[in-house]
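Below is one structure; the comments refer to it alone.
Each chain gets a letter, A, B and so on, in the order the sequences are listed, and its residues count up from 1.
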Amino acid sequence: MSSESLNSLARRVLLVVALGVLAIPFVVPTIWMVAASVKPLPEIFASPPSLWTDHPTLSAYSEAFTFQPFARQYFNSVYIALLVTLITLVVSSLAGYAFARIRFPGANALFVVVLIGLLVPSEVTIVPLFQMFKRAGMINTHWPLILVTALAAPCVLATFIMRQFFIALPAELEEAGRLEGLGRPGIWWRICVPLAKPALSAVAILTFLTSWNLYLEPTVYLTSPELFTLPQALTRFTDAYGGEMWNTQLAAATMTVLPVLIVFIVAQRQFVEGLAHSGLK
Amino acid sequence: MSATTKNRVVSRASANVRGTARPPFWTTRRRDVLTGYLFIAPQLAGVLLFVLVPVGLAIWYSLNDWNVFTGKQTFVGAEHYTALASDPQLPSVLLATAIFSGGVVILNITLGLLIAVLLNRRFRGATLFRTLFFSPVVVSVVAWTLVWGFLLQDNGGINGMLATIGIEGPNWLQHGDTAMLSVIITQVVRSVGVNMVLFLSALQGVPSQLYEAARMDGAGSRTIFTRITLPLISPTLLLTAIITIVGALQSFAQIAVLTGGGPELSTTVLVYYVFQQAFEFNDIGYGSTLALMLLSFVMLLTLLQWQLRRKWVFHEQ
Amino acid sequence: MINARKALGALALTAIVGLSAACSGTAAETSGPAELRMTVWTSNEAQLKLLNSIGDAYRADHPDVSKITFESLPFADYNTTLTTQIAGGNAPDLAWMGDLSKDLIASDALVGLTDKLKATDGWQYDDLLGSVTAEYSRNGTLYAYPFSNSPFALYVNTDLLAKAGQKIDPATLTWDQVAAAGAAVHEKTGKAGFVIRDFDYKSWNVLATVWTGFGAAAWSQDGKTCTFASPEMQKAFSFLHDAAFTSKAMPSPGTTADFFAGDAAFTIAQVSRASLLTGSFKFGLHPLPTGPAGKYAVLGQAGVGVLTSSKHQSQALDFLAYLTNPSNAEKLAQFFPPPRKSLLTGAKLAANNKTLSAEQLQSVVVDQLPNAVTLPNHTSPAEIAQKGKTALDAMWKADADIPAVLRSVCAAIEPILAK
């Protein structure tokens, strides 16, 4: 009996060690980024590599703001991601609810049409979309980033998640709502949406991250630095001759990553559990 | 406002009760149908406008030649499609696409499942590890890739770390094989957290009675895994496989930032090639043709997986 | 088909406009005084300040121009961004341009400048140096004013050389001596020998700073025939390959070494990069080393032109003539080596230069410009750069078959040259 518990203790230690080693590539890059961003330039490539510096400096941080309109770019990314998330929440919970709970002619066919939106890579549509937005005079504005993300592929994924969630709701809830005199919009808003918090939070997280990470679209649609978003701005820390500004880039990257990471760590349970209950299983 | 709505509902209801000769046009059923259409309208419009119409336009563009500076376009028919056959770079691009997508899917699913199974043992610290493994998901793709770009330099951090334990690391980004390995690993480590969480929740959904019953029958842990666990989580496996492969086929930022498609064409995946043709070489016609080829791959793969799902997946509602 | 496309387009358009009208507050184009926009790739405050002050001075006398904006676009993908602006119907009125110029001239996207400049009082068209206007001319018409003509030069970290016990004589310096001294520095200090700045095993066109000294060129004068496989080019690449893999005089691929941070003994870079010197080490600045083909000079150019798509072409043209007139050209000369003979003396250039002396500027700029060749420049620059790079990647392995790789470069770029 005691040898068995010793055995299980050894197994447990082994498990933790194995996971610890496996976690290195997941954790070290972020720590390295933060550490390198406060190093003087020549130390970034010092050998052997070290996470420590004797001469920490924040000059790269201030440089990030003077070299590009970084504060503005930060704001752009935040407001676009929030707006996109908000629109997606409304659009996807409406559509997901309808596809799950309302019977109307052509529902299945239309659902397939919508799902196609999930399969078309954005690289296929970007050239024609560019021409469409050009005719609408919306090149070099944030509109393409907002509209396409909030209504096309990322939103389709959201609609799918919401549909999966609403399908599982017991029908009695709706009956109760109807007895209280609620119409469909009322049932959707008063009864189903409040119950859908886990799915909604999964949608919110996924959509926010998609918008936050967009790279191809801003690269194509935006040409003025004050309209840039963060991912695009991060790759533009090169001096007037194309030379890379390593530490400034790392400082900007750190500022991009840390706030989201902190929000995640604080709310990690909601993050992970929201995703786990997304119905994507 | 809501009071008037309620009044209207009430009056209409009472009209129904009175049972006049002609039934009202707006029956509950009809109102339901209308609401259904209205509810899906924004989503449907988005897909039509920003997905289907552009795909139609892309087909038209693929039949034309464009000068982006002057806006002149000339109809060239199937010329770009025949050019596919004679493009000397295309075979390498397709090979790179296959290796990258295949590598990402296999590694992502295996690693995701492995971590999920380990974390599912519920030990002290499991939540901490779950947080660590998930954290790269919330890190901006470009920032993440930039940092890996630093670490993968010949004189960068990874080789420095390897040197301290006596291994001379390769010049990661300068050789085709290691460059491909680098982009795959960078991509998988960043995104495997999502699949890990989905697998974890699928594993927790497996009824524990099944395990107990199997153990009573004397099944070993490997048998339990392959005969009970895997079949029961197979719907999740397939769905994540689809999402992962479609995502891998669309990985642009990682390639653009880490390798720029090099060395030679070793990491030039189709998506990156489309971007180069359309927006760097300004060959919109050929770029659109390549993009449509990408679309047909995605469609084919999805169909294939759907067929598999029918045959392979056990419990489907 | 066309109708179907139009119908689809119209449908899409109506929907988008409908969606956006509610929120977008963009003002419609108004008639009245012109607003000019010029794209540049510098984000240097001093340079932008100078440009803005010239713009302000111009507006003071020209009520028909209400605003002049200098939009600074990131250097790294300036061409793609500018092309996207043009393709997106959002083209600037004036633009700086590097190797995009040939494409722009070939597609008639630039306004001819010669007549306007000749007709402008006091502009002195004949003051322009013939050797620097050729790149931006077609059939005797100038399409962009070459405001910057910065020769490549050899920067030397004399502290590092001394540390490794190396001595060089700038007057008779050859590439072989640079490689030998570089290899010795690398051997003794672990720092890099020589670095071709910005090459980084990607931007191969800057290697013209080396191969020109071996008598090689990327393609023929008319730009139609690839000359990458020539014996001269083979010698040049044997030299570079040797430096990267045998003598280790040049850092190998994937190794980062910044001369201006003190990590290398030599670098080849444009004279304008002298602003990156921080004074943390003693430096020397000399003309390029002599190659097997003798003395030579290479320069990198930038021009500024007016786009035909501009709604205010005549105002833009007039502003360009003002921006580049003799007195403003002299102001710009503090940052960019000018194309005007009258300004090209060591003393005049040194007047506004804090880092370099009159003698240095005389020897590395003024004496070099008349015979300098430009970096390879052709239509479809991005495609040539990428295809060439893809083929050249095979060169940067220890056991590369140099002649075969060079032939493959030609095979890759010849179809584009022939277009």
Side-chain angles (χ1 to χ4, degrees), chain A residues 12 15-16 19 23 25-27 29-30 32-33 45 47-49 91 94-95 97-99 102 104 110 113-114 117 119-125 127-129 148 151-152 155-156 159 181 184 209 212-213 215-216 220 230-231 234-235 249 253 256-257 260-261 264-265 268 272 275-276 280-281, chain B residues 9 32-33 35-37 39-40 42-44 46-47 50-51 54-55 57-58 61 118 123 125 129-136 138-143 146-148 151 155 157 160 164 189 197-198 201-202 236 239 249-250 252-253 257 271 274 278-279 284 287-288 291 294-295 298-299 302:
Chain A
R12 201 154 285 192
L15 178 67
V16 171
L19 283 170
F26 290 78
V27 180
T30 312
W32 183 85
M33 171 183 73
F45 281 106
S47 167
V91 172
L94 278 172
Y97 175 80
F99 281 127
I102 304 180
F104 52 92
L110 288 174
V113 169
V114 167
L119 298 177
V120 179
S122 52
E123 286 74 13
V124 175
T125 50
V127 175
L129 281 175
V148 176
L151 295 172
C155 185
V156 174
T159 297
R184 278 290 182 185
L209 290 176
W212 188 252
N213 279 327
Y215 180 67
L216 176 71
V220 168
L230 287 174
L234 285 184
T235 58
Q249 200 172 36
T256 307
V257 167
V260 188
L261 203 57
F264 162 66
I265 290 171
Q268 65 96 10
V272 173
L275 204 58
L280 286 177
K281 52 171 187 177
Chain B
V9 172
D32 247 20
V33 169
T35 325
Y37 287 130
F39 273 22
I40 64 162
Q43 173 67 93
L44 194 62
V47 169
F50 299 128
V51 180
V55 168
L57 287 176
Y61 293 164
L118 291 181
F123 56 98
F129 276 116
R130 191 183 65 180
T131 310
L132 293 184
F133 287 120
F134 193 82
S135 66
V138 304
V139 171
S140 142
V141 180
V142 170
L146 279 174
V147 170
W148 278 80
L151 296 174
N155 54 352
T164 56
V189 171
V197 167
L198 296 177
S201 99
T236 312
L239 190 68
L249 279 170
Q250 301 188 41
F252 171 76
V257 173
V271 162
V274 169
F279 289 97
I284 289 179
S288 299
L294 175 66
L295 176 60
V298 176
M299 292 289 178
T302 314

When the 4.5 angstrom heavy-atom criterion is applied to A/Val114 and chain B, the contacting part is both
Residue among A/Val220, A/Thr159, A/Leu230 with most heavy-atom pairs under 4.5 Å to chain B:
A/Val220
Apply the side chain to side chain contact (heavy atoms under 4.5 Å, CB included) test between A/Pro29 and each candidate in B/Val139, B/Leu151, B/Val189; give the one that qualifies.
B/Leu151
By a 4.5 Å heavy-atom criterion (distance strictly below it), what part of B/Ala58 contacts chain A: side chain, backbone, both, or neither?
both
Under 4.5 Å from a heavy atom of chain B, the part of A/Thr125 involved
both
Relative to chain A, which segment of B/Leu118 carries a heavy atom at a distance below 4.5 Å: side chain, backbone, both, or neither?
both
Under 4.5 Å from any heavy atom of chain B, what part of A/Leu209 do you find: side chain, backbone, both or neither?
side chain
Side chain / backbone / both / neither for B/Leu295 at chain A, heavy atoms under 4.5 Å
both
So which residue, B/Pro42, B/Gly46, B/Ser140, ends up with the most heavy-atom pairs under 4.5 Å with chain A?
B/Ser140
Going by heavy atoms in the side chains, are B/Tyr61 and A/Val127 under 4.5 Å from each other?
yes
So which of A/Cys155, A/Ala23, A/Pro121, A/Ala95 has the largest heavy-atom pair count under 4.5 angstrom toward chain B?
A/Pro121
Is the ring pair A/Phe26/B/Phe133 parallel, tilted or perpendicular, if the boundaries are 30 and 60 degrees?
perpendicular
Separation of B/Leu146 CG from A/Gln249 CD (nearest 0.5 Å):
4.5 Å
Kindly give the heavy-atom pair with the smallest separation between A/Ala98 and B/Phe39, and that separation in Å.
CB-CB, 3.5 Å
Which atoms of B/Val298 approach chain A - backbone, side chain, both or neither, heavy atom under 4.5 Å:
side chain
Let me confirm one number: the CG-CZ distance from A/Leu15 to B/Phe129, rounded to the nearest 0.5 Å.
8.0 Å
Which of the residues B/Ile284, B/Val274, B/Val271 is involved in the greatest number of heavy-atom pairs with chain A at under 4.5 angstrom?
B/Val271
Part of A/Val27 lying under 4.5 Å from any heavy atom of chain B
side chain
Would you give the length of the straight line joining atom CG of B/Leu44 to atom CZ of A/Phe99, rounded to the nearest 0.5 angstrom?
6.5 Å
Which of the residues A/Thr256, A/Val156, A/Thr30 is involved in the greatest number of heavy-atom pairs with chain B at under 4.5 angstrom?
A/Val156
Taking side chain as everything from C-beta outward and backbone as N, CA, C, O, which of these in A/Val16 sits under 4.5 Å from a heavy atom of chain B? Side chain, backbone, both or neither.
both
At a heavy-atom separation under 4.5 Å, does A/Ile102 approach chain B through its side chain, its backbone, both, or neither?
side chain
Side chain, backbone, both or neither of B/Thr131 within contact of chain A (heavy atoms, under 4.5 Å)
both
Can you tell which part of A/Leu216 gets under 4.5 Å to a heavy atom of chain B, answering side chain, backbone, both or neither?
both
Nearest heavy-atom pair of B/Met299 and A/Val120: which atoms, and what distance?
CE-CG2, 4.3 Å
Below 4.5 Å, heavy atoms only, C-beta onward: do B/Phe252 and A/Glu123 meet side chain to side chain?
yes
What closest approach, in Å, do A/Leu129 and B/Pro54 show between heavy atoms, and which atom pair accounts for it?
CD2-CG, 3.6 Å
Below 4.5 Å from any heavy atom of chain A, which atoms of B/Val257 appear? Answer side chain, backbone, both or neither.
side chain
Gap between atom CD of B/Gln250 and atom OG of A/Ser122 - 0.5 Å precision
5.0 Å
Hey, are the side chains of A/Asn213 and B/Val142 touching, using non-hydrogen atoms and a 4.5 Å cut-off?
no
Checking B/Val138 against chain A: side chain, backbone, both or neither under 4.5 Å from a heavy atom?
both
How close do B/Val51 and A/Ala152 get, counting heavy atoms only, and between which atoms?
CG2-CB, 3.9 Å
